[in-house]
Amino acid sequence: MLDINRIRTNPDEIVAALKKRGYALDLTEFLSWDNERKALLLENESLKAERNTKSKLIPELKKKGEDASALLDELKIMADKVKELDERQDALEQKIKLFVQALPNIPADDVIAGGKEGNAVVKTFGEKPVFAYEPKNHVDLCTSLGLIDYERGVKMGGNGYWLYTGVGAQLEWALLNYFMAEHLKDGYTMMLPPHILTYECGLTAGQFPKFEEDVFRLTEEGFHFLLPTAETALINLYRGEILEEDELPKKLFAYTPCYRREAGSYRANERGMIRGHQFNKIEMFGYTLPEHSAEMLQELIAKACRLVEGLGLHYQLSKLAAGDCSASMATTYDIELWLPSMNEYKECSSVSNAMDYQARRGNIRFRRKEGKKIEFLHTLNGSGLATSRLLPAIVEQFQQGDGSVLIPEVLRPFLGGMERIKPQGR
RNA sequence: GGAGAGAUGGCCGAGUGGUUGAAGGCGCUGGUCUUGAAAACCAGUGAUGUCCUCGUGGCACCGGGGGUUCGAAUCCCUCUCUCUCCGCCA
């Protein structure tokens with residue numbers, strides 16, 4: 001959520017900043033609501049002050065045995081007026097709140113304006129593998145190697161689901177183990193949060209109210225949903241709390257499956273496990289002092305890159321243009337893996353700095369040691385990593401002429417030393 | 001799933017309609033005493049949100065929301081959560 005005071009005092013600045021995202025913002029209506037609200041508030045509060053002082057006279061009059069009925073009549077009229085003003089004020093405040101909640105985060109100064117086409121590759125690791133034969137796509141490879149059973153996955157879960165089988169399941173788990181080991185080595189704290197969350201969680205993360213339709217909602221009454229990313233859980237860890245300065249930074253990671261409806265977002269070329277309703281991800285999450293979030297963003301980017309580099313995969317790191325960053329984020333970097341069969345780079349990690357946007361939504365603050373001042377902290381998150389595009393990249397980039405796939409060395413300890421996955425059967 | 005109890009300030013805990021933003025205790029801060037510390041004693045203590053005319057100012061805040069009333073921490077409704085007992089179950 002943006003600082004409402006900032007919107008009030010610098011409306012042009014906000015309009016210009018959101019324009020970088022391609023977000024056309026008209027604040028005239030908001031500003032008139034806001035002025036109206038302030039006038040109402042002043043009127044209402046002075047009326048309440050008068051009511052409160054006069055109300056206190058009642059017991060005194062009664063004590064003296066005097067008649068209070070004239071005063072009671074007067075107060076009765078005031079009470080009705082207060083009620084009316086309260087209602088108008090509440091309605092207006094609700095309208096203002098919904099308006100402000102719907103606004104996306106302001107892109108960081110160094111993020112360039114415009115959409116996807118403005119994304120800039122800032123780093124490349126490795127090279128596109130060259131094959132002396134026609135390389136297979138990951139769907140064929142995973143099937144022939146017995147790693148993934150797409151058909152039976154669909155039989156169980158419907159379109160958009162797959163089933164890891166045998167060595168495929170082990171390989172998937174080896175990836176997660178490898179990530180976890182690295183995060184633990186870096187001193188990050190492991191978390192296993194609930195997968196079913198309340199509406200409030202989605203609101204704090206910034207996914208609601210706008211993207212309510214994108215999650216799997218579980219209950220008819222109330223609102224419980226399956227988390228679309230562990231970020232949604234971890235941002236709510238300290239919701240409504242005030243942390244002490246020396247508790248920061250908090251560096252966390254969590255493993256959860258991610259459940260997404262992805263309604264209508266399948267594309268013909270996104271076969272196999274490129275886009276599914278359920279995929280595994282380890283999420284890194286940070287809570288920092290405002291002055292340290294830029295530094296932490298670099299740390300998270302470096303960690304995510306290191307994980308992919310450890311696997312030996314060719315990838316590129318892109319800095320996203322304003323319009324391609326998700327609504328809650330001020331800065332986002334994506335790690336994109338090379339998928340030979342698609343002739344495309346596909347995202348496997350997204351690392352972002354939300355600055356104080358989510359902290360404001362969730363009222364997550366900290367107290368300075370000096371001066372005891374209470375401020376909103378900064379939150380950051382990054383995939384470290386999502387597996388559903390890693391596994392395809394591994395089998396495609398490391399496929400051999402004989403139909404086998406070489407296993408990255410860092411994963412071998414987690415696979416009982418296995419070096420290569422060979423085609424099954426004949 | 002059935003029955004009951006509860007949610008008050010950093011913590012414990014009083015408070016059932018009227019100067020109660022809230023007794024008392026603990027904790028914390030300062031002081032006296034002490035070589036120092038402890039103990040004891042004295043004093044202070046909402047590190048909350050919001051508004052303005054920025055003040056020994058106003059409004060709001062006793063789990064959330066709503067209601068009754070001139071006035072609600074106190075009464076009513078509702079939701080959420082916690083606890084106890086019984087039942088069921090991986």
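Here is how names work: the chains are called A, B, and so on, in the same order as the sequence lines, proteins then strands, and each is numbered from 1. Values below: all heavy atoms of this structure, side chains included; hydrogens, waters and symmetry mates excluded.
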Using purine N1 to pyrimidine N3 plus N6-O4 or O6-N4 for Watson-Crick, or N1-O2 and O6-N3 for G-U wobble, both under 3.5 Å, which nucleotide pairs with [N]?
{"N": "B:U32", "result": "B:A40"}
{"N": "B:C89", "result": "none"}
{"N": "B:U69", "result": "none"}
{"N": "B:U50", "result": "B:G58"}
{"N": "B:G27", "result": "B:U45"}
{"N": "B:A22", "result": "none"}
{"N": "B:U80", "result": "B:A7"}
{"N": "B:A14", "result": "none"}

Counting any heavy atom closer than 4.0 Å, what does [X] reach on the DNA or RNA strands: base, sugar-phosphate only, or nothing?
{"X": "A:Ile242", "answer": "nothing"}
{"X": "A:Arg368", "answer": "nothing"}
{"X": "A:Arg360", "answer": "nothing"}

Considering only atom [atom1], compute the distance from [N] to [M] and round it to an integer number of Å.
{"N": "B:G66", "M": "B:G57", "atom1": "C1'", "answer": "31 Å"}
{"N": "B:G65", "M": "B:U8", "atom1": "P", "answer": "16 Å"}
{"N": "B:C41", "M": "B:C33", "atom1": "C1'", "answer": "9 Å"}
{"N": "B:U29", "M": "B:U80", "atom1": "P", "answer": "42 Å"}
{"N": "B:C76", "M": "B:G87", "atom1": "C1'", "answer": "32 Å"}
{"N": "B:G2", "M": "B:C88", "atom1": "P", "answer": "15 Å"}
{"N": "B:C62", "M": "B:U74", "atom1": "P", "answer": "8 Å"}
{"N": "B:A23", "M": "B:G9", "atom1": "P", "answer": "13 Å"}

I need the [atom1]-[atom2] distance between [X] and [N], as an integer number of Å.
{"X": "A:Ile4", "N": "B:G49", "atom1": "CD1", "atom2": "P", "result": "16 Å"}
{"X": "A:Glu50", "N": "B:G58", "atom1": "CD", "atom2": "P", "result": "14 Å"}
{"X": "A:Glu241", "N": "B:G63", "atom1": "CD", "atom2": "C1'", "result": "15 Å"}
{"X": "A:Glu93", "N": "B:C61", "atom1": "CD", "atom2": "P", "result": "13 Å"}
{"X": "A:Asn5", "N": "B:G49", "atom1": "CG", "atom2": "P", "result": "13 Å"}
{"X": "A:Leu85", "N": "B:C51", "atom1": "CG", "atom2": "P", "result": "18 Å"}
{"X": "A:Ile374", "N": "B:G49", "atom1": "CD1", "atom2": "C1'", "result": "10 Å"}
{"X": "A:Leu197", "N": "B:U80", "atom1": "CG", "atom2": "P", "result": "17 Å"}

Using a strict threshold of under 4.0 Å (side-chain N to carboxylate O), is an ion pair present between [Y] and [X]?
{"X": "A:Asp140", "Y": "A:Lys136", "result": "no"}
{"X": "A:Lys83", "Y": "A:Asp86", "result": "no"}
{"X": "A:Lys48", "Y": "A:Glu45", "result": "no"}
{"X": "A:Glu336", "Y": "A:Arg389", "result": "no"}

Along RNA chain B (nearest heavy atom to each residue), the more 5'-positioned of A:Arg367 and A:Leu41: A:Arg367
Protein-to-nucleotide contact annotation, 5' to 3' order, nucleotides 64-71 of chain B [B base; S sugar-phosphate only; - none; under 4.0 Å, heavy atom]: ----S-BS
A:Gln358 to A:Ala205 - nearest heavy-atom pair and separation: NE2-O, 3.0 Å
Residue pair A:Arg306, A:Asp186: steps toward the salt bridge (charged side-chain N to carboxylate O under 4.0 Å, His left out) verdict: CA-CA 12 Å; A:Arg306 208 185 68 214; A:Asp186 291 342; 3.1 Å; yes
Near-ring test A:Phe208/A:Phe225, centroid separation under 6.0 angstrom: yes
Test of ring centre spacing under 6.0 Å for A:Tyr255 and A:Phe253: no
Listed nucleotide nearest any side-chain atom of A:Lys38, set B:G49, B:A60, B:C51: B:C51
Minimum-distance nucleotide (side-chain atoms of A:Arg365 versus B:G58, B:C52, B:U48): B:U48
Check: A:Thr165 side chain, A:Leu147 main-chain N or O, donor-acceptor pair, under 3.5 Å: yes
Full working for side-chain contact (heavy atoms from CB on, under 4.5 Å) between A:Arg260 and A:Val215: CA-CA 5 Å; A:Arg260 301 185 179 180; A:Val215 297; over 6 Å; no
All pairs passing side chain to side chain donor-acceptor pair (under 3.5 Å) where residues 70-81 of chain A contributes a residue, at least two apart: A:Lys54-A:Glu74
Ring-face cation of A:Lys303 near A:Tyr188 (centre distance under 6.0 Å, axis angle within 45°): yes
RNA chain B-proximal residues of residues 198-211 of chain A, any heavy atom under 4.0 Å: none
